[in-house]
There are 2 protein chains.
Amino acid sequence: MARPKSEDKQKAILNAAIQEIAEHGVSAPTARIAKIAGVGEGSLFTYFSNKDELLNQLYLYIKEELRESMMSDYPKTESVQNRIRHAWNTYVKWGVANPQKRIVLAKLGMSNKVSEQTKTQGSEAFADIFNMISESTANGLLRNYPTSFLSAIMGSLADTTMNFIAGNPAQTEYFNNAGFEAFWSAIVNA
Amino acid sequence: MARPKSEDKQKAILNAAIQEIAEHGVSAPTARIAKIAGVGEGSLFTYFSNKDELLNQLYLYIKEELRESMMSDYPKTESVQNRIRHAWNTYVKWGVANPQKRIVLAKLGMSNKVSEQTKTQGSEAFADIFNMISESTANGLLRNYPTSFLSAIMGSLADTTMNFIAGNPAQTEYFNNAGFEAFWSAIVNA
DNA sequence: TATAAATGAGCGAGTACTCGCTCTATAGCA
DNA sequence: TGCTATAGAGCGAGTACTCGCTCATTTATA
């Protein structure tokens, strides 16, 4: 009966926010984000009730994209090592291909503008990987650490790996392999 | 011939900045920092020419304190594994004892207000550890990765460990040992 | 035509930093 | 050992600017 909201504009705002926040931090002004998105500043507030809401939505938007990247061809039937390797590879590949999104995720995570609830919601998407690790710990294949600890180790070593690839793209293969080797040795039961 | 600057006030400002930035991020207002330090806002600018300068000095201030913590009883003559373990233990201990400083270091590091030069200067203090790792790689004791990569692995695994200890202080010993075990397995030559 | 999206000037609450002033530790002198 | 001149620390109201957000108006769609 009236003018409908446009999904395109919502995404334009989110993508503009990624650009601006990657470069200038979470304090990037809404005026600038709107300008880059090609909408009026007022419109930003018809799609997001306030800036905090935008930041929380942005966090979930990026996490969801990452999830799709990692899960689209997830090899459910292969060995645990192969599945973990697949998760590692797709994560690193995504991070290298999307440096801004990776930075924004990190900045948002540290910003105390993103609520705990949002963060929890963001990790739920990765339940498959979480469960796989959990089962492998029970098997005795992996060290008997809490699953959340093993996941966090994966995250931090993958992040470190991506940082080195970002600083030296010619060595992408080398650092990806070295990183995984270190990670696997760290978690596998000796 | 005139009134001398007070080292106490300078430190009061730096410590107030730690408190405020840990809680509210690098955008914590200078007015608030000055108030908590117990000095006039104007005085803040006689000790630091602008806010960026304050942030860079703060970064070095914290790094220096960390260095002292890690190096004060560094066992130069012991085995490599013991020295690395000592570095790990003192780092984790410092981080657990100084959660705010650890957060501030992370926030500053991500903020693009701290210059590359400052960051370089901040890592120079840890040359001893860097060299030890470098020699141990040459020995064949550690995996043949770039020393900077091995150092980064240590940093990120120690950080992850501290996060888990922070969330579960009763398990301090457990996570410290588990973290080191994972770290050592990750870097030692198989 | 009724409704809601779209807009950007405008608002008030901050922001980093300045400025004119006061206060005080020291140097120099007797 | 006092006394004073002086550089510069200390201060916080003021300044120019930026921020998130609103609202009156215009535009597009069911």
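Below, read A as the first sequence line, B as the second, and so on, with proteins coming before strands; counting in each chain starts at 1.
Scanning for salt bridge (charged side-chain N to carboxylate O under 4.0 Å, His left out) contacts around B/Lys119 gives B/Glu116, with sequence neighbours left out. For A/Phe164, the ring-ring contact (aromatic ring centres under 6.0 Å, His included) partners are A/Phe175, B/Phe149, not counting sequence neighbours. Looking at residues two or more places apart in sequence or on another chain, you find no salt bridge (charged side-chain N to carboxylate O under 4.0 Å, His left out) involving B/Arg83. Take B/Lys11 and apply the salt bridge (charged side-chain N to carboxylate O under 4.0 Å, His left out) test, not counting sequence neighbours, and it matches B/Glu7. Scanning for salt bridge (charged side-chain N to carboxylate O under 4.0 Å, His left out) contacts around B/Arg85 gives an empty result, with sequence neighbours left out.
Within the structure, side-chain hydrogen bond (donor to acceptor under 3.5 Å, both in side chains) pairs that include any residue of residues 22-42 of chain A comprise A/Glu20-A/His24, A/Glu20-A/Arg32, A/Thr30-A/Glu41 (at least two apart or interchain). Residues in residues 121-131 of chain B take part in no side-chain hydrogen bond (donor to acceptor under 3.5 Å, both in side chains) pair, two or more places apart or across chains. Sorted by first and then second residue, the side-chain hydrogen bond (donor to acceptor under 3.5 Å, both in side chains) pairs with a member in residues 99-110 of chain A read A/Glu65-A/Lys101, A/Arg102-A/Asn163; sequence neighbours excluded.
In the model, A/Thr118 has a side-chain atom that pairs as donor or acceptor with a side-chain atom of A/Ser115 under 3.5 Å.
B/Lys5 places its NZ atom 15 Å from the P atom of C/dT26, with the value rounded to the nearest Å. When rounded to the nearest whole Å, the span between CZ of A/Arg3 and P of C/dA4 equals 13 Å. The CG atom of B/Leu55 sits 12 Å away from the C1' atom of C/dA16 (whole-angstrom rounding). If you measure from atom CG of B/Leu54 to atom C1' of C/dC17, you get 13 Å, rounded to the nearest angstrom.
Of all the residues in residues 30-50 of chain B, B/Thr30, B/Glu41, B/Phe45, B/Asn50 reach under 4.0 Å from DNA chain C with at least one non-hydrogen atom. Sorted by residue number, the list of members of residues 110-119 of chain A with any non-hydrogen atom under 4.0 Å from DNA chain C is empty. Against DNA chain C, the stretch residues 7-21 of chain A makes heavy-atom approaches under 4.0 Å through A/Lys9.
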For residues 178-190 of chain A, which side-chain donor-acceptor pairs fall under 3.5 Å, sequence neighbours excluded?
from: A/Glu181; atom 1: OE1; to: B/Tyr145; atom 2: OH; distance (Å): 2.3
from: A/Ser185; atom 1: OG; to: A/Glu181; atom 2: O; distance (Å): 2.7
from: A/Ser185; atom 1: OG; to: B/Arg143; atom 2: NH2; distance (Å): 2.5
from: A/Asn189; atom 1: ND2; to: A/Gly140; atom 2: O; distance (Å): 3.1

